[in-house]
Amino acid sequence: MRYMVMHYQTQANEDGIVPSPEEQAAIGEYMREAQLSGVFLGGEGVHSSSKGARVEVTDGSVRVIDGPFAEAKELIAGFAILDVSSLEEAVEHARKFALVVGTHRVDVRQVVEYSDLA
């Protein structure tokens, strides 16, 4: 089963502060282990909201809002796609990653497969 794991910004991320060399090394080690185990299928981090936009649609009217956005704790910092056998396994990977990157929240969602729609 594939799961998408999304981690949220910290205020430091949103302020453009990059992780320390030690934090980068820990993140890199976690990513290498996940890749070597075959669990990590792909993923990326994203820049702060100051380099983005939000599109809101209300009653057919579209509004584009340029970043930055007020609440860093509600913004996605990055994602990974994992291939694991269960939700519990995905949650365990998300827990480890959250501890490594220092985020306060990680969402874990199963990816919809074509066979799920039949």
Side-chain angles (χ1 to χ4, degrees):
M1 289 180 270
R2 292 184 307 150
Y3 283 86
M4 179 179 216
V5 177
M6 297 163 285
H7 66 280
Y8 287 79
Q9 292 278 40
T10 63
Q11 191 58 53
N13 299 136
E14 187 62 13
D15 292 341
I17 299 169
V18 298
S20 70
E22 296 80 17
E23 291 166 326
Q24 290 178 37
I27 293 167
E29 181 59 28
Y30 172 82
M31 300 303 289
R32 274 188 294 285
E33 288 176 10
Q35 284 177 322
L36 290 173
S37 73
V39 168
F40 182 77
L41 299 179
E44 301 291 338
V46 296
H47 284 281
S48 70
S49 69
S50 65
K51 296 183 178 184
R54 179 173 286 158
V55 178
E56 292 182 350
V57 179
T58 306
D59 298 325
S61 176
V62 178
R63 182 171 80 141
V64 178
I65 305 160
D66 292 327
F69 307 118
E71 292 291 328
K73 66 183 180 180
E74 298 295 328
L75 301 173
I76 298 295
F79 72 95
I81 302 293
L82 306 178
D83 185 11
V84 294
S85 61
S86 66
L87 173 60
E88 292 75 20
E89 187 178 354
V91 167
E92 180 60 20
H93 281 279
R95 182 191 69 76
K96 289 177 185 176
F97 188 73
L99 290 170
V100 169
V101 299
T103 188
H104 68 284
R105 183 185 330 151
V106 177
D107 287 350
V108 179
R109 305 281 300 278
Q110 188 173 357
V111 174
V112 174
E113 303 293 350
Y114 181 74
S115 61
D116 296 332
L117 303 175

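These numbers were taken from a predicted model, which means no experiment stands behind them. Count residues from 1 along the sequence.
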Checklist entry - Any side-chain heavy atom of Y8 within less than 4.5 Å of one from I76? => result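 They are in side-chain contact.
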
Checklist entry - Partners of S37 by side chain to side chain donor-acceptor pair (under 3.5 Å), sequence neighbours excluded? => result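 Scan of S37 (side chain to side chain donor-acceptor pair (under 3.5 Å), adjacent residues dropped) gives none.
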
Item to check | Pairs involving residues 81-94, ordered by first then second residue, that meet salt bridge (Lys or Arg N to Asp or Glu O under 4.0 Å) (sequence neighbours left out) | outcome: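 Every salt bridge (Lys or Arg N to Asp or Glu O under 4.0 Å) pair that includes a residue of residues 81-94, provided the two are not neighbours, is E92-R95.
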
Next on the checklist: Enumerate the salt bridge (Lys or Arg N to Asp or Glu O under 4.0 Å) contacts for residues 25-37, please, sequence neighbours excluded, ordered by first and then second residue.
Outcome noted: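 For residues 25-37, and leaving out neighbouring residues, the salt bridge (Lys or Arg N to Asp or Glu O under 4.0 Å) pairs sorted by first residue read E29-R32.
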
Hphob cluster co-occupancy, [X] + [Y], side-chain heavy atoms under 4.5 angstrom:
{"X": "L87", "Y": "V5", "answer": "yes"}
{"X": "L99", "Y": "I27", "answer": "no"}
{"X": "L82", "Y": "V101", "answer": "yes"}
{"X": "M31", "Y": "I81", "answer": "no"}
{"X": "V57", "Y": "V64", "answer": "yes"}

For [X], which residues count as a salt bridge (charged side-chain N to carboxylate O under 4.0 Å, His left out) partner, sequence neighbours excluded?
{"X": "R109", "answer": "none"}
{"X": "R2", "answer": "E113"}
{"X": "E23", "answer": "none"}

Item to check | By side-chain contact (heavy atoms from CB on, under 4.5 Å) - contacts of A98 (at least two apart) | outcome: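 With neighbours one apart ignored, the set is T103, V106.
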
Next on the checklist: The criterion is side-chain contact (heavy atoms from CB on, under 4.5 Å); which residues satisfy it with A12, sequence neighbours excluded?
Outcome noted: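 Here the qualifying residues are T10, I17.
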
Next on the checklist: Can you pull out every ring-ring contact (aromatic ring centres under 6.0 Å, His included) where at least one residue sits in residues 77-97? Sequence neighbours excluded, please.
Outcome noted: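 Checked against ring-ring contact (aromatic ring centres under 6.0 Å, His included) - neighbours excluded - the pairs reaching residues 77-97 are H7-F97, Y30-F97.
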
Checklist entry - About how many Å separate OG of S85 and OH of Y3, when rounded to the nearest 0.5 Å? => result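 So the OH of Y3 and the OG of S85 are separated by 8.5 Å.
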
Item to check | Of E14, E74, R54, Q9, the residue whose pairing with S49 passes side chain to side chain donor-acceptor pair (under 3.5 Å) | outcome: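 That would be E14; it is the only one of E14, E74, R54, Q9 passing the side chain to side chain donor-acceptor pair (under 3.5 Å) with S49.
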
Using residues 39-47 as the side-chain source, report each donor-acceptor pair under 3.5 Å to any protein atom, sequence neighbours left out, with the distance given to one decimal.
none

Checklist entry - What residue pairs, at least two apart or across chains, pass side chain to side chain donor-acceptor pair (under 3.5 Å) with a residue in residues 56-70? => result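 Listed once each, the pairs are E56-R63.
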
